[in-house]
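Just below is one structure, and these are the notes that go with it.
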Amino acid sequence: MSDRPQHEEDPSSGFEYMTTVYDVVVRILVDLGVSESDAKDRIIIHCLARGDTDAFVHYQRKGHVPGRGVLSAFSIMLTENARNPGIGLSKKVAAEFPYMLVCKRRDGRPGRRDDPAVELRDEVLAMNVKTLMAEHHHTYEAAIEAVAELVSEGKKGVDGRSLKYETVRKAYDHFARSKGKNSPV
């Protein structure tokens, strides 16, 4: 066997892959009786615990579907204690996975990412307003007020409107302008 890396092709993706140290270790683990999928997951978790995502990327590109352990490792690494105090990590878990994965913009622009939960909430509010106007013949104002009333559980602001009226109005207006583009719902 030569010292040059061996190559294999994945015909479904058009990528050419070198046999890596990861593949060699998988072969050894399989020879020891570990399933190939479990061997890949063990290597991915081992690398993630050391702050390296290369093994995950390597096997994902080859079509490997990660198991629960890999997904748990990613979940732990994505947990930000400061933003999610209810999801705090124990010292033991934090010691096992001392690295944290951080989402940031690829284009380098400053600013926080949009909160997907707010986008989903606004989408649902807008869809409810649209449904009331189309199917129940509510006016724009009446439909927004009805949805806001439902969301605010009957509580009124100083102007007599539901506390969430402006939130619902802005959500519907934004949705109407975008015509549901990039809608996850």
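Quantities reported herein were computed from a predicted structural model and do not represent experimental measurements. Just the heavy atoms: all of them, side chains too, but no hydrogens, waters or symmetry mates, feed the values below.
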For this session: Please answer whether the main-chain N or O of Thr20 pairs with a side-chain N or O of Asp23 as donor and acceptor at a distance below 3.5 Å.
Result: yes
Exercise. Is there side-chain contact between Cys47 and Thr53, with at least one heavy-atom pair below 4.5 Å?
Worked result: no
For this session: Could you walk me through whether Arg27 and Asp31 pass the salt bridge (charged side-chain N to carboxylate O under 4.0 Å, His left out) test, one step at a time?
Result: CA-CA 6 Å; Arg27 216 28 60 218; Asp31 289 345; 5.4 Å; no
Exercise. Taking side chain as C-beta onward, heavy atoms only, is Glu96 less than 4.5 Å from Ile76?
Worked result: no
Problem set entry | Linked, directly or transitively: Leu48 and Leu71 (ILVMFWY side chains, under 4.5 Å) | no
Problem set entry | Any side-chain heavy-atom pair of His138 and Glu145 under 4.5 Å | no
Exercise. Would you say Phe56 and Val70 make side-chain contact, with heavy atoms under 4.5 Å?
Worked result: yes
For this session: Identify the heavy atoms of His64 and Ser37 that sit nearest to each other, and give their distance.
Result: CE1-OG, 3.4 Å
Exercise. Does a sphere of radius 6.0 Å around OH in Tyr99 hold more than 12 heavy atoms from other residues, nucleotides or ligands, not counting ones at 6.0 Å or beyond?
Worked result: no
Exercise. Tyr165 and Glu141: side-chain donor and acceptor closer than 3.5 Å?
Worked result: yes
Exercise. Less than 4.5 Å apart, any side-chain heavy atom of Leu101 and any of Phe74?
Worked result: yes
Exercise. Any chain of hydrophobic side-chain contacts (each under 4.5 Å) joining Val30 to Val65?
Worked result: no
Seminar exercise, completed: CG of Leu125 to NZ of Lys170, rounded to nearest 0.5 Å, is 13.0 Å
Problem set entry | Sub-4.5 Å side-chain heavy-atom contact between Met133 and Thr139 | no
For this session: Drop me the distance from Asn128's CG to Leu150's CG, to the nearest 0.5 angstrom.
Result: 7.5 Å
Seminar exercise, completed: Nearest heavy-atom approach of Ala49 to Phe97 is CA-CD2, 3.7 Å
Exercise. Would a 4.5 Å heavy-atom cut-off, applied to side chains only, mark Lys40 and Ile43 as touching?
Worked result: no
Exercise. CD1/Ile44 to CG/Asp52 distance, rounded to the nearest 0.5 angstrom?
Worked result: 11.0 Å
Exercise. Is there a donor-acceptor pair closer than 3.5 Å between any side-chain N or O of Ser72 and the backbone N or O of Arg68?
Worked result: yes
Exercise. Ser35 side chain to Asp38 main-chain N or O, any donor-acceptor pair under 3.5 Å?
Worked result: yes
Exercise. Between His46 and Arg50, do the side chains contain an N or O donor and an N or O acceptor separated by less than 3.5 Å?
Worked result: yes
For this session: Would you give the length of the straight line joining atom OH of Tyr172 to atom CE of Met127, rounded to the nearest 0.5 angstrom?
Result: 12.5 Å
Exercise. Cut-off 3.5 Å, side chains only: do Asp54 and Tyr59 have a donor facing an acceptor?
Worked result: no
For this session: Taking the side chain as every heavy atom from C-beta outward, state whether Val26 and Leu29 have any atom pair closer than 4.5 Å.
Result: no
For this session: Answer yes if Val118 and Ile144 sit in the same cluster of Ile, Leu, Val, Met, Phe, Trp and Tyr residues linked by side chain heavy atoms under 4.5 Å apart, and no otherwise.
Result: no
For this session: Over all heavy atoms of both residues, which pair between Leu132 and Ala146 is shortest? Give the atoms and the distance, please.
Result: CD1-CB, 3.8 Å
For this session: Apply the test side chain to side chain contact (heavy atoms under 4.5 Å, CB included) to residues Ile45 and Arg42: give CA-CA distance (whole Å), side-chain angles for both, the deciding distance (0.1 Å), then the verdict.
Result: CA-CA 5 Å; Ile45 292 168; Arg42 286 182 187 187; 6.0 Å; no
Exercise. Checking Asp41 side chain against Gly67 main chain: does a donor-acceptor pair fall under 3.5 Å?
Worked result: yes
